[in-house]
Amino acid sequence: MGRNNSLEEVVYGNVALSAQPKVNPQVEREHEKKQNKLDPFKIFEFSKREMVALGIMFMLCIAFIIADIYVGSQIKNTQREISVLKNKINTVQSENDAIQFSINSKIDTNKIYKIATKKLGMVQAKEKQIINYKSSDSGYTVQYKDIPEE
């Protein structure tokens with residue numbers, strides 16, 4: 001028995017029934033660590049709880065990516081709609097300017113003056129009859145009292 005200290009031999013007569021190496025726990029742990037480092041699949045062994053947590057995180061990442069894509073497409077659609085509306089506003093503004101110019105060109109102030117003075121009996125206001133009123137508010141004004149005469 002003195003030949004090999006690492007094997008435990010069981011001998012009955014001239015037959016050796018088993019030969020098993022003695023197990024040193026510290027050596028066994030170091031050997032497992034080396035095996036885990038060498039075996040790439042042993043590195044990724046997870047418990048059920050860890051797998052569920054990883055699955056949930058993966059699903060959340062996918063959901064955030066989908067939400068980001070959706071929001072981005074909504075923003076692009078809104079920007080296109082804004083551009084179309086701005087073009088419509090410019091078109092309508094141009095049409096309004098053209099109509100206003102047409103209206104202004106058709107107004108004959110001399111004709112209006114003749115009708116007002118001859119047909120309706122109106123007279124031109126004298127300089128002393130015109131009262132200028134200055135308001136501090138440039139917006140809409142409601143008149144509660146008469147304008148004071150000076």
Side-chain angles (χ1 to χ4, degrees), residues 4-8 10 17-150:
N4 192 353
N5 291 339
S6 66
L7 294 178
E8 190 175 311
V10 178
L17 296 177
S18 67
Q20 296 179 348
K22 291 181 182 177
V23 178
N24 185 348
Q26 185 178 4
V27 173
E28 185 66 27
R29 273 186 251 123
E30 287 177 10
H31 179 69
E32 274 185 31
K33 287 180 184 177
K34 287 180 184 177
Q35 284 294 359
N36 285 344
K37 287 181 183 177
L38 296 176
D39 188 7
F41 296 110
K42 289 254 181 186
I43 295 172
F44 297 111
E45 286 184 9
F46 297 108
S47 68
K48 286 184 181 180
R49 177 179 278 169
E50 291 170 330
M51 289 300 289
V52 168
L54 284 173
I56 290 172
M57 284 189 256
F58 178 75
M59 296 299 260
L60 285 173
C61 287
I62 296 297
F64 282 128
I65 289 170
I66 291 171
D68 186 49
I69 291 170
Y70 176 75
V71 168
S73 68
Q74 290 295 80
I75 288 172
K76 286 196 182 275
N77 288 340
T78 304
Q79 287 173 339
R80 279 190 218 115
E81 289 175 9
I82 289 171
S83 177
V84 167
L85 290 174
K86 283 183 178 180
N87 287 339
K88 284 183 181 179
I89 288 172
N90 288 336
T91 303
V92 170
Q93 187 67 41
S94 297
E95 290 173 358
N96 283 348
D97 291 344
I99 291 169
Q100 185 67 41
F101 180 76
S102 173
I103 290 171
N104 289 340
S105 67
K106 291 181 181 176
I107 296 175
D108 184 11
T109 55
N110 290 331
K111 186 176 180 182
I112 293 172
Y113 181 79
K114 285 180 185 178
I115 292 172
T117 55
K118 292 184 180 176
K119 253 187 176 179
L120 302 174
M122 299 174 95
V123 291
Q124 183 79 28
K126 306 255 190 249
E127 191 68 33
K128 295 177 183 177
Q129 295 174 326
I130 299 173
I131 299 173
N132 291 326
Y133 175 76
K134 292 184 181 179
S135 173
S136 60
D137 185 18
S138 62
Y140 179 75
T141 303
V142 178
Q143 182 177 340
Y144 294 108
K145 296 181 181 177
D146 290 333
I147 297 173
E149 291 185 27
E150 293 182 48

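Here, residue 1 is the first one in the sequence, and each next residue gets the next number. FYI, side chains are in, hydrogens and waters are out, and symmetry mates aren't considered; it's all heavy atoms of this structure.
- The OH atom of Y113 sits 11.0 Å away from atom CE of M122, with the distance rounded to the nearest 0.5 Å.
- With V92 as reference, N96 is the one residue of N90, N96, I89 to meet the side-chain contact (heavy atoms from CB on, under 4.5 Å) rule.
- Separation of atoms CD1 (I82) and CG (N87) is listed at 12.0 Å; rounding is to 0.5 Å.
- Atoms CD1 and SG, from I66 and C61 in turn, are 11.5 Å apart once rounded to the nearest 0.5 Å.
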side-chain contact (heavy atoms from CB on, under 4.5 Å) between D68 and F64: does it pass, once the steps are laid out? CA-CA 6 Å; D68 186 49; F64 282 128; over 6 Å; no
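- S83 places no side-chain N or O within 3.5 Å of a backbone atom of Q79 that could act as its donor or acceptor partner.
- In this structure, CD on Q74 lies 13.0 Å from CD1 on I69, to the nearest 0.5 angstrom.
- Under the 3.5 Å distance criterion, the side-chain polar atoms of S102 are left unmatched by any main-chain donor or acceptor of A98.
- Between I112 and I107 the shortest side-chain heavy-atom distance falls below 4.5 Å.
- There is no side-chain donor-acceptor pair under 3.5 Å between E81 and N77.
- Nearest heavy-atom pair across Q129 and Q124 is OE1-O, 4.4 Å.
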